[in-house]
Amino acid sequence: MTSEVEQTAAEAEALGYEQARDELIEVVRRLEAGGTTLEESLALWERGEELAKICRRRLDGARARLDAALAEEAEAETGEREGPGAP
């Protein structure tokens, strides 16, 4: 049986970048607005930290894919220059 924390973490990981970013914006807005109890504020802060990590991982993954694509492109261009018609 999965614990509630593990289930929440799994659901959070399923969020796309845009969803996590939008929820993070809402969390920050609520924290800045004030009017929440200390417990609510701590829960919002923790959720915000979790969402920020998700966004960071999504962006890091996108950067890695972009870097890999650029490296492939550079290798292909180098291979074309060194191919049969190369000087």
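Please read these numbers as outputs of a predicted model, since none were measured by experiment.
Other residues sharing a hydrophobic cluster with Leu66 under the 4.5 Å side-chain heavy-atom criterion for ILVMFWY residues are Leu70.
When all heavy atoms are compared, the tightest approach of Ser41 to Thr36 is OG-OG1, 2.6 Å.
The salt bridge (charged side-chain N to carboxylate O under 4.0 Å, His left out) test applied to Asp67 returns Arg63, not counting sequence neighbours. Considering only residues two or more places apart in sequence or on other chains, Glu49 meets the side chain to side chain donor-acceptor pair (under 3.5 Å) condition with none of them. For Gln19, the side-chain contact (heavy atoms from CB on, under 4.5 Å) partners two or more places apart in sequence, or in a different chain, are Leu15.
Expressed to the nearest 0.5 Å, how far CG of Asp60 lies from NZ of Lys53 amounts to 13.5 Å. Annotation: the span from Glu77 atom CD to Glu73 atom CD amounts to 5.0 Å, rounded to 0.5 Å.
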Considering only distance and modelled atom types, tabulate donor-acceptor pairs under 3.5 Å from the side chains of residues 21-32, sequence neighbours left out.
from, atom 1, to, atom 2, distance (Å)
Glu23, OE1, Arg47, NH2, 3.0
Glu23, OE2, Arg47, NE, 2.7
Glu23, OE2, Arg47, NH2, 3.0
Glu26, OE1, Arg29, NE, 3.1
Glu26, OE2, Arg29, NE, 3.4
Glu26, OE2, Arg29, NH2, 2.5

